[in-house]
*Asks:* 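Input: one structure, supplied below.
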Amino acid sequence: MTINRPGLPGDLPPAETLWARWALVAAFGTTAARESRPSAHRTGHWIDDDGLHLDDGGCTWWVMSRAGEGRYVLYGEDESSGTRWHRPPVDVLAGGPAWLPWEELEDRRSGGELGCVYWYEDGTWARAPYPDGLDDDGLDCGMGELADRAQAARLLVERLAPVDGGPGPEAVLAEAEAGPLRDVDALLARLRDPDGEEPEPATVARALARAGLTPRPATG
């Protein structure tokens, strides 16, 4: 899936799809030790009570949060973004709906950290209008891998051991997108950690549940 520079709302897959891909990558890389680290000291993909995170520890960070039924917000910064350096600076919050996490976004903007903001409601992504001449808002470098299923699947290859007859990473992603995952125990049995740490199926299972990727427990 191609993302323009600067990004266009139509470049992103539906928010539910993007959430499922990102959450699966984040959950499969979860360990108790990583969960115990403050967000400021974490890198990679992860999920917490604030939503989904991506941080490479240097030039890009992103957050995706749920904001109610059918509402999501995606925001972040990549060094390729020119919104803050454009003259006049681009107001990436212009036209944003009232349900956005305004305090968080304003705090990020005041600290010079916010490169772009996209919001999703009624099945459609939107963002602030951009002036002619803006070269990039960072969306491509930040979300390019997750916006395309084949590229997102490559992020799972090191986390999911292949099994004869079992679904490959792209099929697992497709199942997560359709939701919920079916044979979770079989997936947990295939976990592997490229960093040499012992996989933690119980921790991964909790992360999958937190993201809404597993069936909800039946209620009496």
Side-chain angles (χ1 to χ4, degrees), residues 1-27 39 45-55 60-78 80-84 90-109 113-131 134 136-153 155 173-181 207-214 216:
M1 190 168 187
T2 301
I3 294 182
N4 290 279
R5 296 190 178 186
L8 297 171
D11 294 338
L12 291 168
E16 296 84 359
T17 299
L18 181 61
W19 178 276
R21 292 175 187 171
W22 192 339
L24 195 62
V25 171
S39 288
H45 303 79
W46 73 93
I47 182 171
D48 60 20
D49 291 339
D50 296 324
L52 297 168
H53 301 260
L54 185 166
D55 195 319
T60 193
W61 67 266
W62 296 83
V63 177
M64 184 177 182
S65 299
R66 290 167 167 155
E69 187 66 30
R71 291 173 173 174
Y72 295 80
V73 57
L74 169 69
Y75 57 97
E77 164 73 352
D78 185 88
S80 64
S81 175
T83 56
R84 290 185 291 117
V90 179
D91 180 2
V92 296
L93 296 175
W99 52 262
L100 290 180
W102 284 95
E103 184 175 352
E104 164 72 6
L105 295 173
E106 291 285 10
D107 184 60
R108 293 278 194 177
R109 180 165 65 172
E113 301 178 66
L114 197 59
C116 66
V117 182
Y118 287 72
W119 50 89
Y120 185 87
E121 186 175 22
D122 297 329
T124 303
W125 285 104
R127 62 154 168 78
Y130 290 164
L134 178 69
D136 199 353
D137 66 350
L139 185 70
D140 183 24
C141 291
M143 289 290 107
E145 284 186 313
L146 292 169
D148 181 82
R149 185 192 293 161
Q151 292 189 60
L155 298 174
L173 277 169
E175 185 180 319
E177 292 168 15
L181 293 169
L208 291 171
R210 171 183 273 176
L213 297 184
T214 53
R216 294 181 179 179

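Everything numeric here is computed off the predicted structure, so don't read it as measured data.
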*Asks:* Begin from the C-alpha positions of R210 and D49 and carry the test side chain to side chain contact (heavy atoms under 4.5 Å, CB included) through to its verdict.
*Replies:* CA-CA 8 Å; R210 171 183 273 176; D49 291 339; 3.2 Å; yes
*Asks:* Ignoring hydrogens and geometry, is there a side-chain-to-backbone donor-acceptor pair from W102 to P97 under 3.5 Å?
*Replies:*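 Yes; judged by distance alone, with no hydrogens or angles, the pair exists.
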*Asks:* Mark yes or no for whether D140, through its side chain, and M143, through its backbone, hold a donor-acceptor pair below 3.5 Å.
*Replies:*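 Looks like no, no N/O pair under 3.5 Å.
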*Asks:* Calculate, to the nearest 0.5 Å, the distance between atoms NE2 and CG belonging to H45 and L54 respectively.
*Replies:*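 Reported value, rounded in 0.5 Å steps: 4.0 Å.
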*Asks:* Using modelled atom types and a 3.5 Å cut-off, is there a donor and acceptor pairing between side-chain atoms of R127 and backbone atoms of G7?
*Replies:* yes
*Asks:* Using only heavy-atom distances, determine whether the side chains of D122 and T124 contain a donor-acceptor pair under 3.5 Å.
*Replies:*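 Absent: no donor and acceptor within the cut-off.
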*Asks:* Which atom names give the shortest non-hydrogen contact between A67 and W99, and what distance separates them?
*Replies:* CB-CE3, 3.4 Å
*Asks:* Look only at the side chain of R21 and the backbone of A147, and say whether a donor-acceptor pair between them is shorter than 3.5 Å.
*Replies:* yes
*Asks:* Regarding E77 and R108, does a basic nitrogen lie under 4.0 Å from an acidic carboxylate oxygen?
*Replies:*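 Salt bridge flag = no for R108 with E77.
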*Asks:* Going through the checks in order, is the side chain to side chain contact (heavy atoms under 4.5 Å, CB included) test met by L155 and L146?
*Replies:* CA-CA 9 Å; L155 298 174; L146 292 169; 4.1 Å; yes
*Asks:* Do D50 and V63 have side-chain heavy atoms sitting under 4.5 Å apart?
*Replies:* no
*Asks:* Mind running side chain to side chain contact (heavy atoms under 4.5 Å, CB included) on L24 and L208 for me, showing each step along the way?
*Replies:* CA-CA 7 Å; L24 195 62; L208 291 171; 3.8 Å; yes
*Asks:* Mind checking the CG-CD1 spacing from L12 to I3? Nearest 0.5 Å is all I need.
*Replies:*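 Separation between the atoms: 5.5 Å.
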*Asks:* Heavy-atom distance under 4.5 Å between the side chains of V73 and P101, does that happen here?
*Replies:* yes
*Asks:* Nearest 0.5 Å, please: how far is CH2 in W62 from SG in C141?
*Replies:*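 Rounded to the nearest 0.5 Å, the SG-CH2 separation comes to 9.0 Å.
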*Asks:* Can you list the steps and then say if W125 with L8 is a side chain to side chain contact (heavy atoms under 4.5 Å, CB included)?
*Replies:* CA-CA 9 Å; W125 285 104; L8 297 171; over 6 Å; no
*Asks:* With heavy-atom distances below 4.5 Å as the criterion, would you say the side chains of D78 and D136 are in contact?
*Replies:* no
*Asks:* Would you find a donor on one side and an acceptor on the other, under 3.5 Å apart, between the side chain of W19 and the backbone of P14?
*Replies:*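 No; zero donor-acceptor contacts below 3.5 Å.
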*Asks:* Atom CG in L18, atom CZ in R149: separation rounded to 0.5 Å?
*Replies:* 13.0 Å
*Asks:* Can you find a heavy atom in the side chain of R71 that is under 4.5 Å from one in the side chain of W119?
*Replies:*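 No; the side chains remain at least 4.5 Å from each other.
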*Asks:* Could you list the residues that satisfy ring-ring contact (aromatic ring centres under 6.0 Å, His included) with W46, not counting sequence neighbours?
*Replies:* H53
*Asks:* Measure the CD1-CG distance between I47 and L52 for me, rounded to the nearest 0.5 Å.
*Replies:* 4.5 Å
*Asks:* Please tell me if the side chains of P6 and L139 come closer than 4.5 Å, counting only heavy atoms from C-beta onward.
*Replies:*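 With C-beta onward as the side chain, the pair stays apart.
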*Asks:* Output the distance between atom CZ (R84) and atom CD (E113), rounded to the nearest 0.5 Å.
*Replies:*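 Reported value, rounded in 0.5 Å steps: 8.5 Å.
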*Asks:* Taking all atoms of both residues into account, what is the closest heavy-atom pair of S81 and G115, and its distance?
*Replies:* OG-O, 3.5 Å
*Asks:* How close do V90 and P131 get, heavy atom to heavy atom, and via which atoms?
*Replies:*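 Shortest heavy-atom separation between V90 and P131 comes out as CG2-CD, 3.7 Å.
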*Asks:* Please answer whether the main-chain N or O of D137 pairs with a side-chain N or O of T83 as donor and acceptor at a distance below 3.5 Å.
*Replies:*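 Checked: no pair found.
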*Asks:* Verify the distance criterion only: is there a donor paired with an acceptor across the side chains of D11 and Y118 at less than 3.5 Å?
*Replies:*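 There is no such pair between these side chains.
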*Asks:* Testing the basics here: between A211 and A23, what is the closest heavy-atom pair and its distance to 0.1 Å?
*Replies:*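 For A211 and A23, the tightest heavy-atom pair comes out as CB-CB, 3.5 Å.
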